Amino acid sequence: EIMCGACQKAGYEQYEISNFALARQAGTSPFSSRHNLKYWTGAPFYGMGCGAHSYDGQSRWTNIAKTEKYIEAVRVSGHGIAERRELTEADRAAEALFMGLRLNEGIALDDFLTDYGVDVIRKYGRELERMKESGLVEIGGGRLRLTGRGRLLSNEVFVNFV
């Protein structure tokens with residue numbers, strides 16, 4: 001809370017649980033990390049090299065971490081993938097929900113229903129009501145978002161969706 005206050009006083013806005021950007025008068029800061037936003041919005045990303053992680057919208061994979069083993073694997077098989085996990089529709093929806101909630105804007109409930117076929121209010125109504133009463137989430141304007149308290153205790157919220 002002290003850090004958030006100091007950042008705000010210095011002219012930075014918190015746009016995500018652990019990220020701040022220099023604020024501007026209206027709208028989202030042009031200084032928000034486009035790199036990190038890929039993770040929170042479910043966009044594909046491809047990691048290159050030892051230990052890198054990747055996501056293509058359907059699966060996640062990790063490259064071999066040890067340099068010598070990575071190089072040998074690429075030489076022998078053409079890739080250095082150590083582990084690959086195909087995501088189910090339920091996995092993708094759960095990830096999108098808790099990753100999207102990292103952003104201060106939260107998630108648009110109608111878009112979530114369209115994109116993932118999940119009515120968040122219907123599926124998680126009981127849990128959401130409890131979290132709302134605890135001051136962790138708010139629902140309004142067609143969006144679900146964390147409150148300031150919810151950002152501090154985000155894992156208490158996210159555990160409900162995995």
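Just so you know, these numbers come straight off a predicted model, no measurement behind them.
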A.B. asks: Measure the shortest side-chain to side-chain distance between Leu153 and Leu136 over non-hydrogen atoms and say whether it is less than 4.5 angstrom.
C.D. replies: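 Heavy-atom side-chain distance check passes, below 4.5 Å.
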
A.B. asks: Considering all heavy atoms of both residues, which atom of Leu146 and which atom of Leu101 are nearest to each other, and what is their separation?
C.D. replies: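 So the two residues come closest at CD1-O, 3.3 Å.
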
A.B. asks: For Glu127, I'd like to know if atom CD has over 12 heavy atoms of other residues, nucleotides or ligands within 6.0 Å.
C.D. replies: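 It does: Glu127 CD has more than 12 such atoms within range.
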
A.B. asks: Looking at Glu89 and Arg92, is there a salt bridge between them, counting it only when a charged N and a carboxylate O are closer than 4.0 Å?
C.D. replies: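 Salt bridge: yes.
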
A.B. asks: For a quick test of reading the model, state the closest non-hydrogen atom pair linking Leu152 to Glu1 and the distance between them.
C.D. replies: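 Looking at all heavy atoms of both residues, the closest pair is CD1-OE2, 3.5 Å.
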
A.B. asks: If I compare all heavy atoms of Ala52 with all of Gly47, which pair ends up nearest, and what's the gap?
C.D. replies: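 Heavy-atom minimum between the residues: CB-C, 3.4 Å.
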
A.B. asks: Can you tell me how far apart CZ (Arg85) and CZ (Arg60) are? Round to the nearest 0.5 Å.
C.D. replies: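 Here the rounded value is 8.5 Å.
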
A.B. asks: Would you please say whether a donor-acceptor pair under 3.5 Å links the side chains of Ser154 and Glu156?
C.D. replies: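 The criterion, which ignores hydrogens and geometry beyond distance, is not satisfied for Glu156 and Ser154.
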
A.B. asks: For the residue pair Trp40 and Asn19, what are the closest heavy atoms and their distance?
C.D. replies: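 Distance-wise, the nearest heavy atoms are NE1-ND2, 4.0 Å.
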
A.B. asks: Within the 4.5 Å heavy-atom criterion, are Leu97 and Val120 side-chain neighbours or not?
C.D. replies: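 Counting from C-beta outward, Leu97 and Val120 do come under 4.5 Å.
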
A.B. asks: Given side chains that start at C-beta, do those of Arg143 and Glu105 come closer than 4.5 Å, heavy atoms only?
C.D. replies: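 When only atoms from C-beta onward are counted, Glu105 and Arg143 do touch, with a gap below 4.5 Å.
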
A.B. asks: Is the shortest side-chain heavy-atom distance between Asp56 and Trp61 below 4.5 Å?
C.D. replies: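 In short, these two side chains touch, coming nearer than 4.5 Å.
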
A.B. asks: Out of curiosity, Glu83 CD to Asn63 CG, how far, rounded to the nearest 0.5 Å?
C.D. replies: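 These two atoms lie 11.5 Å from each other.
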
A.B. asks: State yes or no: do Ile107 and Leu113 share one hydrophobic cluster built from I, L, V, M, F, W and Y residues joined by side-chain heavy-atom distances below 4.5 Å, directly or via other members?
C.D. replies: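 Shared cluster, no.
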
A.B. asks: Determine whether more than 12 heavy atoms belonging to other residues, nucleotides or ligands lie under 6.0 Å from atom CD of Glu86.
C.D. replies: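 Buried by this count: over 12 neighbours within 6.0 Å.
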
A.B. asks: Less than 4.5 Å apart, any side-chain heavy atom of Tyr124 and any of Arg126?
C.D. replies: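 SC-SC contact between Tyr124 and Arg126 ruled out.
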
A.B. asks: Could you check whether any side-chain heavy atom of Leu37 comes within less than 4.5 Å of a side-chain heavy atom of Leu103, counting everything from C-beta outward?
C.D. replies: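 Leu37 reaches Leu103 side chain to side chain.
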
A.B. asks: Heavy-atom distance under 4.5 Å between the side chains of Arg145 and Val137, does that happen here?
C.D. replies: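 Counting from C-beta outward, Arg145 and Val137 never come under 4.5 Å.
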
A.B. asks: Parallel, tilted or perpendicular: which fits the ring planes of Phe45 and Tyr39, with parallel below 30° and perpendicular above 60°?
C.D. replies: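 Phe45 vs Tyr39 ring planes: perpendicular.
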
A.B. asks: Counting only heavy atoms not in Asp110, do more than 12 sit closer than 6.0 Å to its CG atom?
C.D. replies: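 Count not over threshold, so no.
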
A.B. asks: Report whether Val159 and Ile17 are members of the same hydrophobic cluster (ILVMFWY, side-chain heavy atoms less than 4.5 Å apart, transitive linking).
C.D. replies: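 No, Val159 does not connect to Ile17 through the hydrophobic network.
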
A.B. asks: Can you see which heavy atom on Tyr15 is nearest to which on Ser33, and at what distance?
C.D. replies: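 Here Tyr15 and Ser33 meet closest at OH-N, 2.8 Å.
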
A.B. asks: Using the six-membered ring wherever Trp is involved, compare the ring planes of Phe98 and Phe158 and label them parallel, tilted or perpendicular (cut-offs 30° and 60°).
C.D. replies: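 Correct class here is tilted.
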
A.B. asks: Which heavy atom of Ala65 sits nearest to which heavy atom of Cys50, and what is that distance?
C.D. replies: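 Where Ala65 meets Cys50 most closely, the heavy atoms are O-CB, 3.4 Å.
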
A.B. asks: I'd like to check Met3 versus Phe20 (side-chain heavy atoms, cut-off strictly below 4.5 Å). Are they in contact?
C.D. replies: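 A side-chain contact exists here, since the closest heavy-atom pair is under 4.5 Å.
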
A.B. asks: With rounding to the nearest 0.5 Å, note down the distance linking NZ in Lys38 to CE in Met99.
C.D. replies: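 So the gap between those two atoms works out to 14.0 Å.
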
A.B. asks: Does a salt bridge link Glu72 with Lys69, judged by any charged N lying under 4.0 Å from a carboxylate O?
C.D. replies: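 So Glu72 does not pair with Lys69 through a salt bridge.
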
A.B. asks: Looking only at side chains, do Asn160 and Arg130 share a donor and an acceptor under 3.5 Å apart?
C.D. replies: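 Yes.
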
A.B. asks: Is the closest side-chain donor-acceptor distance between Asp111 and Thr114 under 3.5 Å?
C.D. replies: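 No donor-acceptor contact under 3.5 Å links the two side chains.
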
